[in-house]
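The structure under discussion appears below in the form of structure tokens.
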Protein chains: 2
Amino acid sequence: MRKRNAFRPKTEEEVVFLETLKSEHLRLPAGADIIHPEQNGAELYTVFSGWAFRYKELPDGRRQILSIALPGDLLGLQASLFEKALYGAIALTDVELCLIPRRKLWSIFERMPAFAYDLTWLAAQSEAILDENLLTVGRRSAAERIASLFAGLFKRAEALGLVHDRTLVFPLTQQHVADALGLSLVHTNKTMARLKSLGLFALADGKLTIDNPRAMARFAQHFEKELSPRPIL
Amino acid sequence: MRKRNAFRPKTEEEVVFLETLKSEHLRLPAGADIIHPEQNGAELYTVFSGWAFRYKELPDGRRQILSIALPGDLLGLQASLFEKALYGAIALTDVELCLIPRRKLWSIFERMPAFAYDLTWLAAQSEAILDENLLTVGRRSAAERIASLFAGLFKRAEALGLVHDRTLVFPLTQQHVADALGLSLVHTNKTMARLKSLGLFALADGKLTIDNPRAMARFAQHFEKELSPRPIL
DNA sequence: CGCAGGCTTGATGCTAATCAATCGACGTGG
DNA sequence: CCACGTCGATTGATTAGCATCAAGCCTGCG
């Protein structure tokens with residue numbers, strides 16, 4: 001059961017389904033709305049390439065970024081399981097998404113249990129990331145928060161092969177970082193400057209380099225286990 | 001598909017399975033560890049009665065409560081899907097739990113798709129609650145956080161029929177509230193006192209009463225949709 | 001009686017928010 | 001080519017919100 005990830009596309013039906021998925025591709029430019037808050041009947045996507053984020057906001061405009069989606073992550077599971085999306089999602093870079101039509105969801109459970117299992121696995125995975133984010137925002141200092149965010153994203157990106165030469169294309173603005181961490185823009189800027197001058201990381205031209213991820217993680221009080229092999233798509 | 005919640009126990013197999021579940025009941029006293037952080041191979045439970053909470057902590061002792069589990073909620077989905085629990089769970093009151101053995105998980109997906117679907121639905125639901133908590137901790141003021149926590153718990157408890165005469169048995173200490181909201185104990189105490197004197201709620205002898213849940217929600221900037229009907233067990 | 005757990009209260013200080021500019025890079029239209 | 005607007009990053013000054021420290025106060029309990 002543990003190695004199910006290895007031999008996935010099995011059933012005839014699954015193969016066919018995955019085929020149709022390939023056709024149901026869509027591309028959106030950076031900044032585009034993927035899911036609109038309050039939207040009814042949103043679809044389920046998996047991110048094929050590019051970055052996106054999920055967020056919620058209060059009536060007066062305060063915004064909290066909930067999680068960052070990298071390739072392979074699901075977007076819109078809640079939205080497609082419930083009537084209404086309870087959050088928004090926006091593309092950070094140009095993205096390619098695979099559509100999994102919500103009306104097929106139930107039939108996936110009925111006829112493709114392996115696929116359904118993966119779906120649930122991914123949902124649990126994103127819950128784990130949310131847990132960590134909540135710990136970060138609730139209990140870490142500003143400097144730790146930034147280090148923690150960077151360390152976590154770096155690790156996830158690394159597992160996806162997005163890191164070359166210790167550096168990573170990094171599309172978040174300081175405003176995004178602030179919104180993700182529950183900090184103000186100004187304080188984020190100042191704290192980032194301090195961490196940079198400590199040599200924990202470098203960030204320029206939209207590229208993040210971390211020479212010593214261990215030191216980073218230690219500074220951040222960020223001790224997550226290795227990412228286990230994940231189901232694809 | 002939307003009303004699946006209504007006619008659930010269908011298959012012969014499901015009925016049998018639910019039967020065996022009833023036997024796999026366990027009781028724990030208030031304060032007991034349900035899931036130990038770092039524990040390997042934790043099981044999956046649903047809370048049958050009582051309250052519990054999930055938490056993470058940093059090496060230096062800072063603790064963040066991630067979510068509060070009420071009757072009907074799942075505990076340990078991540079822990080049973082992954083190798084290792086990434087968080088802990090502790091009983092707030094005496095609790096009764098139903099055990100869903102992790103080794104049966106895969107066969108549930110294979111043979112009881114309706115049940116698997118419910119599992120996923122509940123996972124998505126708890127993700128929605130985490131999203132809201134993250135918004136609370138990241139962007140709301142101390143007073144709003146407290147109001148938001150109380151309003152949210154009150155609403156959930158109400159849906160479960162736990163509220164009588166506008167009051168609710170409330171087993172959280174101020175320390176728990178502080179840990180859930182990313183606040184210090186002292187500040188929590190002072191802010192709660194202020195809200196009480198504003199007449200937003202009353203809390204004494206472990207009982208919470210909210211006369212005007214609307215006003216509470218408004219104060220908290222807490223605007224969640226109604227809870228849709230949920231799958232049971 | 002002594003102790004522990006939970007709740008309160010006051011004093012003090014730091015962290016991070018807010019306010020207010022400024023600056024550079026970039027793109028656009030006249 | 002240059003004036004202009006925009007967007008993101010940066011910096012300094014000030015303030016507010018919350019943390020921390022340090023007692024003290026109940027109540028229940030062995």
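Side chains are part of it too, since the values below use all heavy atoms of this structure and drop only hydrogens, waters and symmetry mates. Note on naming: letters A, B, ... go to the chains in the order of the sequence lines (proteins, then strands), and numbering restarts at 1 for each one.
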- Report the distance from atom CG of Leu172(A) to atom C1' of dA9(D), rounded to the nearest whole Å. 15 Å
- In whole Å, what is the span from the NZ atom of Lys207(B) to the P atom of dC7(C)? 15 Å
- Could you check which of dC18(D), dT20(D), dC7(C) has an atom nearest any side-chain atom of Ser184(B)? dT20(D)
- Output yes when Arg27(A) and Glu96(A) qualify as a salt bridge under the 4.0 Å nitrogen-oxygen rule, no when they do not. yes
- Nucleotide of dG12(D), dT20(D), dC7(C) approaching Val186(B) most closely (side-chain heavy atoms): dT20(D)
- Query: To the nearest Å, how far apart are Ile146(B) CD1 and dC7(C) C1'?
  - Reply: 14 Å
- Within a strict 4.5 Å, meaning less than it, do heavy atoms of the Thr191(A) and Arg145(A) side chains meet? no
- Query: Contact class for Gly206(A) vs. all strands (heavy atom < 4.0 Å): base, sugar-phosphate, or nothing?
  - Reply: nothing
- Message: A quick test of your reading: do over 12 heavy atoms of other residues, nucleotides or ligands sit less than 6.0 Å from NZ of Lys207(B)?
- Response: no
- Task: Have a look at Leu183(A) and say if it touches a base, only the backbone sugar-phosphate, or nothing, with a 4.0 Å heavy-atom cut-off.
- Result: sugar-phosphate
- Counting any heavy atom closer than 4.0 Å, what does Thr191(B) reach on the DNA or RNA strands: base, sugar-phosphate only, or nothing? nothing
- Query: Looking at dT10(D), dC7(C), dA16(C), which one has an atom nearest to any side-chain atom of Ser141(A)?
  - Reply: dA16(C)
- Between Arg194(B) and Met192(A), whichever has its closest DNA chain D nucleotide further toward 5' is Met192(A)
- For the side chain of Lys196(B), counting heavy atoms from C-beta on, which of dC18(D), dT20(D), dT8(C) is nearest? dT8(C)
- Tell me: CZ of Arg62(A) to C1' of dG17(D), nearest whole Å? 13 Å
- Query: For the pair made of CD in Glu144(B) and P in dG17(D), what is the distance, rounded to whole Å?
  - Reply: 12 Å
- Whole-Å distance separating the NE2 atom of His187(A) from the P atom of dC14(C): 15 Å
- Item | Per Asn189(A) side chain, nearest of listed nucleotides dT10(D), dT9(C), dC18(D) | dT10(D)
- Please determine if a side-chain N or O atom of Gln174(B) lies less than 4.0 Å away from the OP1 or OP2 oxygen of dT8(C). yes
- Task: Among the candidates dT18(C), dG8(D), dT20(D), find the nucleotide nearest to the side-chain atoms of Thr173(A).
- Result: dG8(D)
- Any chance you could lay out the side chain to side chain contact (heavy atoms under 4.5 Å, CB included) test for Leu149(A) and Thr136(A), step after step, and finish with the verdict? CA-CA 8 Å; Leu149(A) 174 66; Thr136(A) 295; over 6 Å; no
- Query: Rounding to a whole Å, what distance do you find between Leu185(A):CG and dA17(C):P?
  - Reply: 10 Å
- Side-chain donor/acceptor of Lys190(A) to base of dG12(D), under 3.5 Å: yes
- Query: Does any non-hydrogen side-chain atom of Leu26(B) lie less than 4.5 Å from one of Tyr45(B)?
  - Reply: yes
- Task: Grab the CZ-P distance between Arg63(B) and dA19(D) for me, whole Å please.
- Result: 16 Å
